[in-house]
Each structure stands twice: as structure tokens, then as C-alpha cells.
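By convention in this document, chain letters (A, B, ...) are assigned in the order of the sequence lines, proteins followed by strands, and residues within each chain are numbered from 1.
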Amino acid sequence: MSNDLLARFNEQEQQRYQKMLRLRERGIEPYPRRAARTHTAQQAIDAFTRGETVQGARLAGRLVSLRDMGKLTFGHLQDGSAKIQLMIRKDVVGADAYAMLLKDFDLGDFIGAEGDVIKTKTGEITLQVARVELLAKTLSPLPEKWHGLKDTETRYRQRYLDLLSNEEARQIFVARSRIVSAMRKFLDEQGFLEVETPVLQSLYGGAAAEPFITHHNKLDQDMYLRIADELYLKRLLVGGFDRVYEISKDFRNEGIDIKHNPEFTMMECYQAYGDYTTMMTLVEGLYAACAHAAQGTLQISYQGNALDLTPPWRRATMRDLILEACGVDIYKETDMTSLRARIEELNLQVERHPTWGKQVDELFSTFAEPTLIQPTFVIDYPEEISPLAKKKPDNPRIVERFEAFAANMELGNAFTELNDPLDQYARFM
RNA sequence: GGGCCGGUAGCUCAAUUGGCAGAGCAACAGCCUUUUAAGCUGUGGGUUCAGGGUUCGAUUCCCUGCCGGCUCACCA
């Protein structure tokens, strides 16, 4: 090791380095090539719980706690599946191995442990260790065990530390993976074809957001990272596919907060020959499948709210929701003058907007949206704020569009696609 | 981008009016055969985010910058 690198080590890293050298001097390779393992921690626990006798199980993972009681030591080993207690007795593993464990192993080291699964007198399922081995010596100490890692910068920039010390972070990764996989399975079974469309686009569209700009050197041309997949997916319908979807990373050069990230994942799907009621059925079924996969139930708890995702979800028109929430009937106040008059008559505290459609949307988000806790399809939006949706047959000011809400959060957006080229042309003139 | 708050030991946090920079966990040396935030005794560990200013003296007050949190705007 160069002196440069050694000098950068802090006290604890120096100590761990010395332990590693000691192990090597005794002929123990601190970084062996592979580890034989017969069970993950979860598999060992599950097998024992089922009543099976688990003997000579070989586990591998990080040593995450150690409680030395003299001739007996307890600890925990954590692998990708779970955490399991280790019980290490000096008289079982032998004096040399026991001393090595206590002197030269550190929290955070990857170790292999072989033994029988038992239950201690406090009832915890535990590996009674007959043999331990080092799988990889770590030089950096782990974050503190009790308070855990809280510094947000470290949690985000060194996500591996967050995963190691915060169980919730692990759970979120697992839930996310199950959700994405349930989404694929559900859509595949419904006859959708998964596709990938361009991330680098010469013209961006499908949403109203600032793009990230990059440059193609050989073409000497600026390109944009996509802000949405919509336009390319629709072209696949034109090309003859009836049902397509894409799970994609998209990029928006906008503000960052708890619900917004410049780089984010979304799913878009398009289905021919149906309308927005078809999509509502699809969406509630999709959420139900994802919730079942991630939580095993459709009764979920989110930020203090008990949510029931069981289909069918409530459907309510934007008009009725606004009327209930603040007493304005947007089907009566159909122009800016009468809408403003009604708002002033009721003395509503609401931000002003230049057009009727935007003013209606503002009334909705100010008064109606906060009331939407249980899953709800808000249907029938103003045409002005939905330029790609088909108009209602009986009301040209309103289009067949919905947004799904739950726990005051938007879950999705869809509409009966406008496929009349003359109407579409007229709307952009 | 605006406003407010913050950055101190490996981690989580203290530090009175500007006056020797501390605790718990982690680490190190010990004791302990049923612990699980184990317990007990002892020890070491600091460029107080960076740079500048005021002062006899700055973690503390002022300025600039960097990074983060909350919030408003934008966006989904």
C-alpha cells in the first residue's frame, strides 16, 4: 500500500488495516474469491419456521452487530434477504477462531458462518455457529447502529450506506422492484407490447416542461432528453400495434422536491379501439395488481391515511367535485365574466388565471383536490387544458379525460385520444 | 431562482453572554455463557464546511462561497 493512501486513513481505518495485515500473516486470505453458501438468511429462517431441521447451514453476509459476553458472543449477520442472529460459543468454535472473531473481525466485514439453526431462550431464530470465516475485510466503519444514518446528503450520495443502516430504504427498493414487475406482468397479460422509444430526441413533446439539452457532435446538432414518451408511442399505434407500453426514464429540467426529480421513471401505455372508460378499468386493475404484489393487500396505509384500492374506484366529474367543494357550477358559469362574478360572490380565495379553463383547473386544485383521499377518477376536463383529448358528444367545452387521485396525489392521467385530424388542427390554430 | 434554517469526532447530537470543544454509539485495552441500543472499568480520537473580517480571544458575531433541509415559484 502506498503511504499516500495509508495517510488518508482515519484512526479506525488504520486499525482495521492492521487487523487485515495480521490475518494475512496468519495465512488467512482477507478477500477470498468465493463463498459457499447453502441458505440466505431468509431461507434459513423460513425453513426453521416451517419446522424443518436446519443443520450445517452456510450463510454469508455482513456482520452488523456483535455482543461479546465473555465465552459467548451474540451478533447479527445481514445479507440481501434478511438479518439473522448468530450465537458463537468459545467452546464450540474453538479458542483460536473465537479470539480471531473478537480481535480481528469488525462490524461491516463480510463473513461466512456455518452452523445449525436454533431458537434461543428469548425465542429468536438464531444460527448457532460452528465455524466462521472472513469473506471480505472492510476498512471503513459503518454508520452508528442506533440512530442510523440521517444526513440526507450522505444518504443520497452514498446510497449503499443508507441501504445498510436504514431498513425502510431497503423495503422501498424491494417494493419498487415488485411494483415494476407486477406492472409488466399485468400489461403483458392484457396484450400490451413493451417497447422502447428514443431517449435522445431532436424535438421534444408530450408534456409542458423544460428539457435537458445535449449535443450530437457528428451531426453537429442539439438534442433533447425526452420529457415524455407520448409522441413516439402514438406513432406505434399508427404503425399498427393495438396496445403498447413503455416503462421509461424521462428527464425534466425543473425544480426538485419530494415529488419531483430531474430524472424519473414513468409508465405510459396506449390502447386502440377503447375510450377513457377502458383506461379507467385498466388503471384501477393495474394499481390493484401492483399493491397486491408490493404489500399483499389492497388496503394500504399511506401517510396516516387508510386507502382501499379495490376496484372499481369512485368516478366523479370535475364539475361535481368543484360544485361540492366550493359551490361554483362550471357548467353554468361557462365564460370568464360569469365565472369571475361567481367566485367574487362566494368570496373565494383563489389565484386568478387568464382563461376559463385554467381558472376552472385552479378552482379544482385549490378546493376539490385536497378532499380526494380515497382513490378517485376525476373525469371530464375543460377542453382548453387538454388539447389532445376528444370532446364530449354533448358538451364541446369538456373533453373525455381523467386523472386518478389518492391521498391528495395524482396517480395518473388519460383520455379518449383525439383522432379527428380536422379538430386537432383547429385546436392548434 | 426567492425566503427561512442548518453544516462540530467514523455516526447521532451538545457547547450559557465571544473565554480550556463535550456526550452516547463506534474504535482501542480489559471483565463477563442467553444477549439483542447488552452491561461494567479504563484509553485514544477534532483543519468546528471553505475563505476573509471584527476581537486580547471566534464553534459562537459579520461578509463571501460551497453543500444540504424546509418552503414559494416552475413542473409531474
**Prompt:** Which value, in whole Å, describes the distance between the P atoms of nucleotides rU41(B) and rU60(B)?
**Reply:** 35 Å

**Item:** Pairwise P distance, rU12(B) and rA26(B) [rounded to whole Å]
**Value:** 15 Å

**Request:** For RNA chain B, find the residues of residues 123-136 of chain A with a heavy-atom distance under 4.0 Å and give them by number; none if there aren't any.
**Result:** Glu124(A)

**Message:** Taking the cut-offs as 6.0 angstrom to the six-membered ring centre and 45 degrees off its axis, would you call Arg176(A) and Phe173(A) a cation-pi pair?
**Reply:** no

**Item:** Rounded interatomic separation in angstrom, taking CD from Gln14(A) and C1' from rA26(B)
**Value:** 17 Å

**Separation of the P atoms in rC62(B) and rA58(B), to the nearest angstrom** = 16 Å

**Item:** Arg26(A) bridged to Asp104(A) by N-O distance under 4.0 Å
**Value:** yes

**Request:** Determine which nucleotide pairs with rG46(B), using a 3.5 Å limit on both distances of a Watson-Crick or G-U wobble pair.
**Result:** none

**Item:** Rounded distance in Å - CG (Asp106(A)) to C1' (rC25(B))
**Value:** 15 Å

**Asked** Sequence neighbours excluded, which residues qualify as side chain to side chain donor-acceptor pair (under 3.5 Å) partners of Arg342(A)?
**Response** Glu345(A)

**Item:** Residue list, salt bridge (Lys or Arg N to Asp or Glu O under 4.0 Å) with Asp116(A), at least two apart or on another chain
**Value:** none

**Item:** side chain to side chain contact (heavy atoms under 4.5 Å, CB included) partners for Gln271(A), two or more places apart
**Value:** Phe192(A), Arg243(A), Thr278(A), Met279(A)

**Item:** Gap in Å between the two P atoms, one belonging to rU8(B) and one to rA14(B), rounded
**Value:** 10 Å

**Prompt:** Parallel under 30°, tilted from 30 to 60°, perpendicular over 60°: which one fits the rings of Phe402(A) and Phe377(A)?
**Reply:** perpendicular

**Residues within residues 398-414 of chain A bordering RNA chain B, heavy-atom distance below 4.0 Å** = Glu410(A)

**Request:** State plainly whether the residues Lys234(A) and Glu417(A) are in salt-bridge range, i.e. N to O under 4.0 Å.
**Result:** yes

**Request:** Could you check how far CG of Leu225(A) sits from P of rC75(B), rounded to whole Å?
**Result:** 19 Å

**Request:** Mind checking Ala208(A) for me? I need base, sugar-phosphate or nothing, with any heavy atom below 4.0 Å counting as a touch.
**Result:** sugar-phosphate

**Whole-Å gap separating P (rC72(B)) and CD (Glu254(A))** = 17 Å

**Request:** Look at all strands and tell whether Asp91(A) reaches a base, only sugar-phosphate, or nothing, counting heavy atoms closer than 4.0 Å.
**Result:** base

**Complete:** When both distances are under 3.5 Å in a Watson-Crick or G-U wobble arrangement, the nucleotide paired with rC13(B) is rG22(B)

**Request:** Ignoring backbone atoms, test whether Lys103(A) places a side-chain nitrogen or oxygen under 4.0 Å from the OP1 or OP2 oxygen of rG30(B).
**Result:** yes

**Item:** Most 5' of Pro262(A) and Lys121(A) on RNA chain B, judged by nearest nucleotide
**Value:** Lys121(A)

**Message:** Restricting to non-hydrogen atoms, name the atom on Pro141(A) and the atom on Glu13(A) that form the minimum distance, rounded to 0.1 Å.
**Reply:** CD-CG, 4.1 Å

**Item:** Pairing residues for Glu196(A) by the salt bridge (Lys or Arg N to Asp or Glu O under 4.0 Å) criterion, not counting sequence neighbours
**Value:** none

**Request:** Whole angstrom is fine here: how far is it from CG in Asp68(A) over to P in rA29(B)?
**Result:** 12 Å

**Item:** Any Lys71(A) side-chain N or O less than 4.0 Å from OP1/OP2 of rU33(B)
**Value:** yes

**Message:** By nearest atom, which of the nucleotides rC28(B), rU35(B), rA76(B) is closest to the His260(A) side chain?
**Reply:** rA76(B)

**Message:** Between the base of rU35(B) and the side chain of Thr73(A), is one N or O donor paired with an acceptor at under 3.5 angstrom?
**Reply:** no

**Message:** Partner lookup for rC61(B), please. Criteria are Watson-Crick or G-U wobble with both distances under 3.5 angstrom; report none if nothing qualifies.
**Reply:** rG53(B)

**Item:** salt bridge (Lys or Arg N to Asp or Glu O under 4.0 Å) involving Asp222(A) - partner list, sequence neighbours excluded
**Value:** none

**Request:** Provide, to the nearest angstrom, the distance between the CZ atom belonging to Phe74(A) and the P atom belonging to rC32(B).
**Result:** 16 Å

**Message:** Nearest to the Lys19(A) side chain among rC75(B), rU34(B), rC28(B), which nucleotide is it?
**Reply:** rC28(B)

**Fill in**
By the Watson-Crick or G-U definition, both distances under 3.5 Å, rC70(B) is matched with rG3(B)

**All side chain to side chain donor-acceptor pair (under 3.5 Å) counterparts of Gln42(A), not counting sequence neighbours** = Asp46(A)

**Message:** Side chain of Met69(A), heavy atoms from C-beta onward: which of rU34(B), rG30(B), rG44(B) has the nearest atom to it?
**Reply:** rU34(B)

**Prompt:** Is the shortest distance from a Lys or Arg side-chain nitrogen in Arg427(A) or Glu383(A) to a carboxylate oxygen in the other one below 4.0 Å?
**Reply:** yes

Is there any protein nitrogen or oxygen under 3.5 Å from a nitrogen or oxygen in nucleotides 5-11 of chain B, and what are the pairs?
unit_1	atom_1	unit_2	atom_2	d
rC11(B)	O2'	Glu144(A)	N	3.4
rC11(B)	O2'	Gly148(A)	O	3.0

**Message:** So Lys119(A), base contact, sugar-phosphate only, or nothing? Heavy-atom distance under 4.0 Å.
**Reply:** nothing

**Request:** Please report, rounded to the nearest Å, how far the P atom of rC75(B) is from the CZ atom of Phe212(A).
**Result:** 15 Å

**Item:** Euclidean distance, atom CD1 of residue Ile118(A) to atom C1' of rU34(B) [Å, nearest integer]
**Value:** 9 Å

**Message:** Measuring only the C1' atom in each nucleotide, how far is rG3(B) from rA23(B)? A whole number of Å is fine.
**Reply:** 35 Å

**Prompt:** What distance, rounded to whole Å, do you find between the two C1' atoms, one in rA9(B) and one in rU16(B)?
**Reply:** 23 Å

**Item:** By side chain to side chain contact (heavy atoms under 4.5 Å, CB included) - contacts of Glu11(A) (at least two apart)
**Value:** Gln15(A)

**Request:** With C1' as the reference atom in both, quote the distance from rU48(B) to rC20(B) in angstrom, rounded to an integer.
**Result:** 15 Å

**Item:** RNA chain B contacts among residues 83-90 of chain A, heavy-atom distance under 4.0 Å
**Value:** Gln85(A), Met87(A)

**Asked** Taking N and O atoms by type only, does the side chain of Asn253(A) place a donor or acceptor under 3.5 Å from a partner on the base of rC75(B)?
**Response** no

**Complete:** With the side chain defined as heavy atoms from C-beta on, Arg67(A) is closest, among rU35(B), rC74(B), rG45(B), to rU35(B)

**Asked** Are the aromatic ring centres of Phe105(A) and Phe110(A) under 6.0 angstrom apart?
**Response** no

**Prompt:** Is the NZ or CZ atom of Arg340(A) both under 6.0 Å from the centre of the six-membered ring of Trp356(A) and within 45° of that ring's axis?
**Reply:** no

**Message:** Tell me which nucleotide, if any, is Watson-Crick or G-U wobble paired with rC40(B) when both distances must be under 3.5 Å.
**Reply:** rG30(B)

**Pair Lys392(A) + Asp380(A): basic N to acidic O under 4.0 Å** = yes

**Item:** Listed partners of Glu194(A) passing salt bridge (Lys or Arg N to Asp or Glu O under 4.0 Å), at least two apart
**Value:** Arg184(A)

**Item:** rC25(B) to rG68(B) separation - C1' atoms, rounded to the nearest Å
**Value:** 24 Å

